[in-house]
Engineer: 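One structure, as structure tokens, below. Some questions next.
Chain naming here is simple, since letters A, B, ... match the order of the sequence lines and numbering starts at 1 in each.
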Amino acid sequence: SSGINAEWPLRPGYKLYFEGMAGLRVLVGCKRVIDYAVKIRVRPDQLGVVTEGVKHSMNPFDENAIEEAVRMKLKKIVKEIVVVSCGPAQSQETIRTALAMGADRGIHVEVPKGTEADLQPLAVAKIFAQLVEKEKPDLVILGKQAIDDDSNVTTQLLAGLLDWPQGTMASVVEHSEGALKITREIDGGLEDISVKLPAVISADLRLNEPRYATLPNIMKAKKKKIEKIAADSMGIDLAPRLKVLKVVDPPVRQSGDKLPDVHTLIEKLKEKGHIK
Amino acid sequence: SSGINAEWPLRPGRITNLCQTRSFIPTAEHIALKENLVKLIEKEINPHCEKWESEKRFPAHEVFKILGSAGYLGISKPVEYGGMGLDISYEAVAAEAWAMVDSAGVGMGVGIQCDIATPAIVNYGSEMLKEMFLPPTIAGDWVACLGVSEVGGGSDVAMLKTTARLDGDEWVINGGKMWTTNGAQADWMCMLANSSVGPVHKNKSLFCLPMNTPGVSVHRVIDKLGMHSSDTAEITFEDVRIPKDYLIGEEGKGFNYQMQQFQNERIYIAAGVIAALDRVIEATIDYTSQRQAFGQSILDNQYVHYKLAEYQTELEMVRALYHKCIDDYVAGEDITAIATMLKLKSARLARQITDGCLQFWGGMGFTEEVIVSRAYRDLRIMSIGGGADEVMLKIICQFMGTAPGMGIR
């Protein structure tokens, strides 16, 4: 009943779930970013934005990721949620938030304070790949993108490194018998796919509404374990591949004209040379 | 370390040097509590605030059930009755979170439920009373209110007229209560009444009074200047009979019990006011930075940004005293003097800052469409309720040794 299936000798430790209640292990990633409500200011050196003394929170899409894992655990599809964050010492706060929402334990991959901007998606994907080898989850859920760099690429890189199927920008996830039915939000509309586990998926905003932690869970989270690993002890090339040349404010938005009808709109568009 | 300064022997008992060393540092759990309570407020409560303001009522049973289920009604209450058993620093942080509600009356109702109607029963109630009243109140199934103020006596608590007369196995209660927050919706009241003949500070008792007892009636709900979503009721008692063992603690000690919970209440009021003023100043900066007049933003006028700087400076000083109060209280010190000063100053600063900021909003400040006008109305009560300014000043004078009859002259 531990679920180790003799039919897949190439995948030792791979847990079965068709027995129904054995339960998956899920690895969820979360990132500490500047809070979405903060008014961002560009640094004087134009190499980034001001982060010192600015409110930070869990990346909103990561909240969706944690929430989905918690819901799967409540439905008894998932047995254990391991939350991972790569970042400076304060990333522990983000992990604690996830623990308060219902994750079981955390792993903090620490980088020195001030170097977090150099930790880019490829390095993060490699870190996660190594953790996957160690923790052997059945499913990895990440937020689709971080609101600071908006890369939307870590999930895809990780799937590639692991050679696992991916379901990105998921807005619906349904589990049945070793596979996930996923609805993806793509530019053209909605796409339904099916991926076999183990897989990597990324959460979109409409996947769920993240819960607020109850006070009992906040206090319980205090006792949950967080394992700390120094990123530079993992034997991974963490060097950034992209270099930021310049960060500037977007141009000040010009005021527009309110037009009475479509006729006038077409006239104006012709006038400005936008249509012939 | 209590601060009695030996250099002024002519003023025995004069307390000086009140601000000393410690400062309240919130832990990760404090931060998590505040953030998650704010999320709850933003999700479950704020969407309905405009409706509740205009209806002049928030649905206490529904709201308290949501809060109770999330553990936020019993933060400092004993674990055996469903509470979290945490210290007042967590309650204070929760009070800060309540400043994020868009209708302050809801926060006021919650404050009564958690911090004002229940402490006496926790500290002095019999096991039977605790088991009966605490779990449903902490779970949010029952709404509680406090019955102390009366038409004839608000600040002058000793002069209240409601009587409780022992008749066999029952107390018979006659009289009424005024300014009862949650009064129109409450399931039970923690009620102070004259229970015997004797000196006015020694003849009163506290009772648990179920609001559906025959003879209890909500005479009217008061239409107020602010805190619109909170129902404030005038209640009457006509030959109301409750069981003998609904007495909380000892007969005659009611006045003392009531006075004791005031230290905490002052900290929570200050916590909420300080956080609300942070919000008002921030919103004012936001508005005035966008509003243009005479070729520049309102904020660019030196008078405006300097004035806001003055407000922020005073607010930080009050915040420092607030932190000191929490820290000293948790360390077991008697904070009566500084908590009284804290309550007095934060309420007065609220009047000053909301009035000053409202001016900077111009015409918009005079509309119901903005946060500053509501804060102006809602926070005005802080200099009156929870201990009027004049009562705070009297207490401080007693600490300074200057009150009449203290033998200084």
Engineer: Cut-off 3.5 Å, side chains only: do B:Glu42 and A:Tyr212 have a donor facing an acceptor?
Structural biologist: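 Result is no, nothing qualifies.
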Engineer: Take a 6.0 Å sphere around CE of B:Met317 and say whether it holds more than 12 heavy atoms from other residues, nucleotides or ligands.
Structural biologist: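 Not buried by this count: 12 neighbours or fewer within 6.0 Å.
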Engineer: Indicate the atoms forming the closest heavy-atom contact of A:Pro216 with B:Ala70, along with that distance.
Structural biologist: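 In this case the closest contact between A:Pro216 and B:Ala70 is CD-O, 3.5 Å.
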Engineer: Could you tell me which of A:Glu93, A:Arg211, A:Glu209 has the largest number of non-hydrogen atom pairs under 4.5 Å with chain B?
Structural biologist: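 Of A:Glu93, A:Arg211, A:Glu209, A:Glu209 has the most heavy-atom pairs under 4.5 Å with chain B.
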Engineer: Regarding A:Glu63 and B:Lys39, does a basic nitrogen lie under 4.0 Å from an acidic carboxylate oxygen?
Structural biologist: yes
Engineer: Does atom CD of B:Glu282 have more than 12 heavy-atom neighbours, drawn from other residues, nucleotides or ligands, at distances under 6.0 Å?
Structural biologist: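 Open.
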Engineer: With a cut-off of 6.0 Å (strictly less than), are more than 12 heavy atoms of other residues, nucleotides or ligands near CD of B:Gln292?
Structural biologist: yes
Engineer: Is it true that atom CZ of B:Arg291 has more than 12 heavy atoms of other residues, nucleotides or ligands lying nearer than 6.0 Å?
Structural biologist: no
Engineer: Walk me through it: do B:Ile31 and A:Arg96 pass the test side chain to side chain contact (heavy atoms under 4.5 Å, CB included)?
Structural biologist: CA-CA 11 Å; B:Ile31 295 170; A:Arg96 289 251 171 254; over 6 Å; no
Engineer: Does A:Lys181 have more than 12 heavy atoms from other residues, nucleotides or ligands lying within 6.0 Å of its NZ?
Structural biologist: no
Engineer: Between B:Leu37, B:Asn36, B:Val38, which shows the greatest number of heavy-atom pairs under 4.5 Å with chain A?
Structural biologist: B:Asn36
Engineer: If you measure from CG on B:Leu40 to CG on A:Leu215, what distance do you get to the nearest 0.5 Å?
Structural biologist: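 Those atoms lie 11.0 Å apart.
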Engineer: Examine whether an atom of A:Ala213 lies under 4.5 Å from a heavy atom of chain B, and if so say whether it belongs to the side chain, the backbone or both; otherwise answer neither.
Structural biologist: both
Engineer: Could you check B:Asp286 against A:Lys39 for side chain to side chain contact (heavy atoms under 4.5 Å, CB included), going step by step and ending with a plain yes or no?
Structural biologist: CA-CA 11 Å; B:Asp286 202 42; A:Lys39 292 189 169 69; 3.2 Å; yes
Engineer: Are the side chains of A:Lys222 and B:Thr27 in touch, meaning some heavy atoms are under 4.5 Å apart?
Structural biologist: no
Engineer: When rounded to the nearest 0.5 angstrom, what is the spacing between CD1 in A:Ile218 and CD in B:Glu35?
Structural biologist: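 One gets 9.0 Å once the value is rounded to the nearest 0.5 Å.
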